[in-house]
Amino acid sequence: MTTRVAIIGAGPSGLLLGQLLARQGIANVILERKSGEYVLGRIRAGVLEQGMVDLLREAGVSERMDAEGLPHDGFELAFDNRRVRVDLAGHTGGKRVMIYGQTEVTRDLMAAREAEGGISYYEADAVTPHDLETDAPYVTFTHAGESYRLDCAYVAGCDGYHGVSRRSIPEERLKTFERVYPFGWLGMLSDTPPVTDELIYARHDRGFALCSMRSESRSRYYVQVGLEEKVEDWSDERFWDELKRRLPDEVAAQLVTGPSLEKSIAPLRSFVVEPMQYGRLFLVGDAAHIVPPTGAKGLNLAASDVNTLYRLLLKVFREGRTDLIERYSSTCLKRIWKAERFSWWMTSMLHRFSDEEDFEARMQLAELDYLTGSEAGLTTIAENYVGLPYETLE
Ligand code: APR
Ligand code: PHB
């Protein structure tokens with residue numbers, strides 16, 4: 001089998017890249033380890049930056065997002081039993097974000113690919129890239145008991161943090177940057193109306209809490225928990241009680257509770273690998289970098305990598321410009337490090353880090369009080385939250 005771009009992984013990165021390329025007539029094949037159902041069962045992020053919204057429109061998969069997504073002009077920071085609104089639009093010349101679940105983005109992309117007859121192998125095993133440093137790389141895999149070889153011009157490693165792509169690069173060629181945080185987020189999804197119209201990021205002495213949503217009738221809430229915590233130990237009642245304790249009183253009083261649809265714990269990590277390319281292999285999204293979710297940047301960074309790789313591949317296949325693609329990694333990393341910084345900073349300012357943190361707690365409160373009382377502070381938060389501009393190629 002031969003194609004132009006072999007895409008490993010059918011998360012949002014792989015599916016979006018495949019869709020953009022297919023619309024330009026650039027052949028690609030997606031290889032995914034899990035089933036489509038499994039991929040759609042994962043509950044992930046829900047805030048899309050304007051850049052990602054525009055890219056989904058360009059990919060022709062925005063119809064449902066435009067109809068059902070919730071545009072948000074602001075969000076709230078809560079601390080010290082107070083609430084302060086960050087006016088995103090007001091501090092960024094009218095930019096906003098779109099609330100639309102990653103699961104729904106994935107569903108729309110899968111449907112578009114199926115409708116257009118794009119080739120995807122779900123439940124593909126032993127996916128292995130070869131000869132990446134030559135101009136004739138290929139990927140081998142097995143599917144339904146058969147062995148396959150996929151010849152291609154380029155390989156896009158869109159297979160997430162645990163994927164095979166990054167591991168295919170010799171260790172001595174990569175430098176890894178990492179910070180593991182001493183806590184995780186326990187998330188809960190419920191068919192209850194969101195407590196307010198906008199998201200609330202709350203700092204509290206008991207730990208961080210986040211009020212988010214998927215629609216006007218579906219809420220997504222999170223509380224910071226210790227790494228030793230188990231989901232089984234968190235009844236719905238215990239979750240709601242803990243959430244209420246961490247929110248300003250007037251917010252807690254309005255919270256509508258109900259049975260959970262899903263609960264899960266995710267650890268928090270900052271991670272970047274440099275460079276993001278090795279010969280004809282390009283790492284995209286979570287395969288190359290992870291951010292703690294506090295800045296809502298993970299999915300959006302994946303989209304900006306896709307944007308860069310897509311435009312560079314267009315240069316290759318349309319204009320024969322194979323020189324520019326060498327800049328993939330350095331182009332992406334500029335934006336990635338800024339989003340890493342913002343995510344780390346938001347995490348540091350809003351979470352409880354240790355039991356003996358009197359000084360740290362005062363520093364966090366002073367920082368929040370200062371930032372939210374300053375136009376410069378609010379602008380800093382707003383312009384990072386809506387997303388920094390995509391890097392130009394030349
Ligand atoms: N072979 C084939 N597919 C694989 C392999 C493998 N060896 N390993 C992993 N995969 C698949 C996974 O099953 C998954 O479907 O690759 C996909 C990777 O998807 P994601 O982990 O969602 O990563 P990505 O597409 O980069 O999405 C961006 O950023 O912060 C996050 O929530 C955000 O998940 C989102 C991610
Ligand atoms: C979510 O809705 O899942 C969500 C929203 C904002 C974040 C992280 C997660 O910062």
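For ligands, and for the atoms within them, numbers begin at 1 and follow the listed sequence. Only heavy atoms go into these numbers, but all of them, side chains included; no hydrogens, no water, no symmetry mates.
When each atom of ligand 1 is checked for a heavy atom of Val127 under 4.0 Å away, the hits are 1 (N). The contact set between ligand 1 and Leu31, taken as ligand atoms under 4.0 Å from a residue heavy atom, comprises 2 (C), 3 (N). Listed by number with element, the atoms of ligand 1 under 4.0 angstrom from any heavy atom of Gly11 are 15 (O), 17 (C), 19 (O), 25 (O). Taking every heavy atom of Gly160 and a limit of under 4.0 angstrom, the matching atoms of ligand 1 come to 18 (C), 21 (O), 23 (O). Close contacts of ligand 1 with Val164, meaning ligand atoms under 4.0 Å from a residue heavy atom, involve 7 (N). Atoms of ligand 1 lying under 4.0 Å from any heavy atom of Gly285, numbered from 1 in the order shown and given with element: 26 (O). Of all atoms in ligand 2, listed by their number and element, those nearer than 4.0 Å to a heavy atom of Tyr222 are 1 (C), 3 (O), 4 (C), 9 (C). Distances below 4.0 Å separate heavy atoms of Lys34 from the following atoms of ligand 1: 13 (O).
Contacts between Pro293 and ligand 1, counted as non-hydrogen atom pairs separated by less than 4.0 Å, are absent for every part of the residue. If you look at Ala302 next to ligand 1, the close heavy atoms, those under 4.0 Å, all belong to the side chain. If you look at Arg44 next to ligand 1, the close heavy atoms, those under 4.0 Å, all belong to the side chain. Neither the backbone nor the side chain of Val291 comes within 4.0 Å of ligand 1, counting heavy atoms alone. Residue contacts with ligand 1 for Asp159 involve both N, CA, C or O and side-chain atoms from C-beta outward (heavy atoms, distance under 4.0 Å).
Salt bridge status for Glu262 with Arg214: absent, with no side-chain N to carboxylate O gap under 4.0 Å. Using a 4.0 Å cut-off between a side-chain N of Lys or Arg and a carboxylate O of Asp or Glu, Glu394 and Arg321 qualify as a salt bridge. The existence of a salt bridge linking Glu104 and Arg218 is excluded, since no basic side-chain nitrogen approaches an acidic carboxylate oxygen closer than 4.0 Å. Between Arg57 and Asp54 there is a salt bridge, since at least one side-chain N of the basic residue sits less than 4.0 Å from a carboxylate O of the acidic one.
Each ring pair (Phe, Tyr, Trp, His ring centres under 6.0 Å) pair with one or both residues in residues 223-262, not counting sequence neighbours, appears once here: Tyr221-Trp240.
Close to ligand 1: Arg42, with a non-hydrogen atom less than 4.0 angstrom away. Contact between Arg214 and ligand 2 is present, with at least one heavy atom of the residue lying under 4.0 Å from the ligand. Using 4.0 Å as the threshold, Phe75 has no heavy atom nearer than that to any atom of ligand 2. In this structure, Pro12 is part of the shell of residues with a heavy atom less than 4.0 angstrom from ligand 1.
Phe75 and Phe342 fall within a single hydrophobic cluster, where Ile, Leu, Val, Met, Phe, Trp and Tyr are joined by side-chain heavy atoms under 4.5 Å apart, directly or via other members.
With sequence neighbours excluded, no residue satisfies salt bridge (charged side-chain N to carboxylate O under 4.0 Å, His left out) with Glu375.
A side-chain donor-acceptor contact under 3.5 Å links Asn81 to the backbone of Asp249.
Remark: minimum distance from atom 12 (C) of ligand 1 to any protein heavy atom is reached at Glu32 OE2, 3.5 Å. Ser212 OG, 3.5 Å is the protein heavy atom nearest to atom 5 (C) of ligand 2. At the shortest separation from atom 8 (C) of ligand 2 among protein heavy atoms lies Pro293 O, 3.4 Å.
With atom 10 (O) of ligand 2 as the reference point, the heavy atom nearest to it among Tyr221, Tyr385, Tyr201 is part of Tyr201.
To the nearest 0.5 Å, the span separating CG on Leu247 from CD on Glu250 amounts to 10.5 Å.
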